[in-house]
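Let me begin by presenting the structure, written as structure tokens, before commenting on it.
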Number of protein chains: 2
Amino acid sequence: MDHMSSNLEDYLEVIFSLESVNSEARAKDIADAMGVQRASVTNALQKLSQRGLINYQPYNSVTLTPEGFRTATRIVHRHKVLYDFLHTFLQIRPEVAEDTACKLEHHIDDESLETLTKFARFIMTCPRTGKDWLEAFTRSCNDRGTCTNCPECIKSCLERLDDKCSGQP
Amino acid sequence: MDHMSSNLEDYLEVIFSLESVNSEARAKDIADAMGVQRASVTNALQKLSQRGLINYQPYNSVTLTPEGFRTATRIVHRHKVLYDFLHTFLQIRPEVAEDTACKLEHHIDDESLETLTKFARFIMTCPRTGKDWLEAFTRSCNDRGTCTNCPECIKSCLERLDDKCSGQP
DNA sequence: CAAAATTCGTAGGCTTATCTAACATTTTTT
DNA sequence: AAAAAATGTTAGATAAGCCTACGAATTTTG
């Protein structure tokens, strides 16, 4: 009884979003956002209410409880980390990245998510990688894996290395 | 009726594995591998059979049809790509990586999977990254994000760059 | 070869999540 | 304020998956 289904997580995420944007979450809007019938929403709201995640009174707007807010925030965070990785690093088109992040967010474990965050940060901050390295990856994707201009790339890398480390011992 | 559920994908994967290892897949072994009751297996086998993915005759071993084999191979490939990324790049412990790959494999889209493969290959083959860069990432994880020995790391990187590019124009 | 043990299938029930249809409440319009 | 429209709930059906319990088929063993 303690484990949240992917489905309820999705509802909570939508409520969080609607509350942020519209400052209230109405059942109709939840139904539209989820692409389901209103009856399904009522059903979900009852379950979320039972778990103490939302304040729910029939015929009224829904709001998140403090606990619901914490849970929603955690899910949104997972979503963001995955979306950023897919979009910024793998260069996946926004709609696809959005869609995939929406599915993966329910299944990735905390350790992997945490490490993925660190990995992304490391790529951007390590003098050996960074933005131009990522661009080199994009080029290599378009060139079907053959990275054709290594010398030039390495030259710009060396410049970056010098820049980044001029302040270090 | 055309879309495979995560569940059936898991069954197919287990059958594929048992067929590889034992050269046959018996219902009992499938039940054990999946951690479910035999009745659930019977149910799943009937569905897979209806879809033409397995050859199923009551009281006989199960085998994959050519179509089933193709589908299973695709799923196993997804699993492997995800596992390798989690384990080799993010350094996630084998059991956790295994477990997470098992869940994510049902939800990642083809484009992201394909690009993830390229990304992993690029990290290993680009002169600017490779094995020692990955080790630097691991150290930075243990040091809580502060990469302390940049100068030394950069030195070994430069050596690698020279090595890798000595044959290039 | 027949009894015992193992394996397999069927029947019926539970849960989650969805839908449609009908009914109830609230809001908007006239 | 009454009628119309929009919104929300309830009831009943469906589908996927799982379970237990029991009976059927196959294998193993004495």
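Below, chain A is the first sequence line, B the second, and so on; all start at residue 1. In this text, all values refer to a predicted model and were calculated from it rather than measured experimentally.
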Within the structure, does a side-chain N or O atom of B:Lys47 lie under 4.0 Å from either OP1 or OP2 of D:dG17?
yes

State whether A:Ser5 places a side-chain N or O below 4.0 Å from either non-bridging phosphate oxygen (OP1 or OP2) of C:dT16.
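Looking at the OP1 and OP2 atoms of C:dT16, neither is under 4.0 Å from any side-chain N or O of A:Ser5.
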
Under a 4.0 Å threshold between the charged nitrogen and the carboxylate oxygen, would B:Glu135 count as salt-bridged to B:Arg139?
no

Ring centroid separation A:Phe85 to B:Phe89 under 6.0 Å:
no

Hydrophobic cluster (4.5 angstrom, side-chain heavy atoms) - remaining members for [X]:
| X | result |
| --- | --- |
| A:Tyr56 | A:Met4, A:Leu8, A:Tyr11, A:Leu12, A:Val14, A:Ile15, A:Phe16, A:Leu18, A:Ile30, A:Met34, A:Val36, A:Val41, A:Leu45, A:Leu48, A:Leu53, A:Ile54, A:Val62, A:Leu64, A:Phe69, A:Ile75, A:Val76 |
| A:Val21 | none |
| A:Tyr83 | none |

Separation of [N] [atom2] from [X] [atom1] (nearest whole Å):
| X | N | atom1 | atom2 | answer |
| --- | --- | --- | --- | --- |
| A:Met4 | C:dT16 | CE | C1' | 14 Å |
| B:Gln37 | D:dC22 | CD | P | 14 Å |
| A:Arg51 | C:dT15 | CZ | P | 14 Å |
| A:Met34 | C:dT16 | CE | C1' | 13 Å |
| B:Leu8 | D:dA15 | CG | P | 16 Å |

Applying salt bridge (charged side-chain N to carboxylate O under 4.0 Å, His left out), name anything that partners A:Arg74, two or more places apart in sequence or on another chain.
none

For A:Arg93, check salt bridge (charged side-chain N to carboxylate O under 4.0 Å, His left out) against everything at least two apart and list the hits.
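Listed in chain order: B:Glu111.
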
Residues in side chain to side chain donor-acceptor pair (under 3.5 Å) contact with B:Asn60, at least two apart in sequence or another chain:
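Checked B:Asn60 against side chain to side chain donor-acceptor pair (under 3.5 Å); zero matches.
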
What side-chain donor-acceptor pairs closer than 3.5 Å can you find for residues 95-103 of chain B, not counting sequence neighbours?
unit_1, atom_1, unit_2, atom_2, d
B:Glu98, OE2, B:His79, NE2, 3.0
B:Asp99, OD2, B:Lys103, NZ, 3.4
B:Thr100, OG1, A:Asp109, OD1, 2.5
B:Thr100, OG1, B:Val96, O, 3.2

Among residues 9-23 of chain B, which contact DNA chain C at a heavy-atom distance under 4.0 Å?
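Those residues whose heavy atoms fall under 4.0 Å from DNA chain C, taken from residues 9-23 of chain B, amount to none.
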
Using nucleotides 7-10 of chain C, report all nitrogen or oxygen pairs with the protein that are shorter than 3.5 Å.
unit_1, atom_1, unit_2, atom_2, d
C:dC8, OP2, B:Lys28, N, 2.6
C:dG9, OP1, B:Tyr56, OH, 2.5
C:dG9, OP2, B:Thr42, OG1, 3.2
C:dG9, OP2, B:Tyr56, OH, 3.4
C:dT10, OP2, B:Gln46, NE2, 2.8

Which pairs count as salt bridge (charged side-chain N to carboxylate O under 4.0 Å, His left out) when at least one residue sits in residues 57-72 of chain A, sequence neighbours excluded?
A:Glu67-A:Arg70

Only pairs at least two apart or in different chains count here, so list each salt bridge (charged side-chain N to carboxylate O under 4.0 Å, His left out) that has a residue in residues 53-66 of chain A.
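Every candidate salt bridge (charged side-chain N to carboxylate O under 4.0 Å, His left out) pair involving residues 53-66 of chain A fails, so no pair, neighbours aside, qualifies.
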
Rounded to 10°, the angle between the first-five-pair and last-five-pair axes of the helix from C:dC1-D:dG30 to C:dT30-D:dA1 is 0°

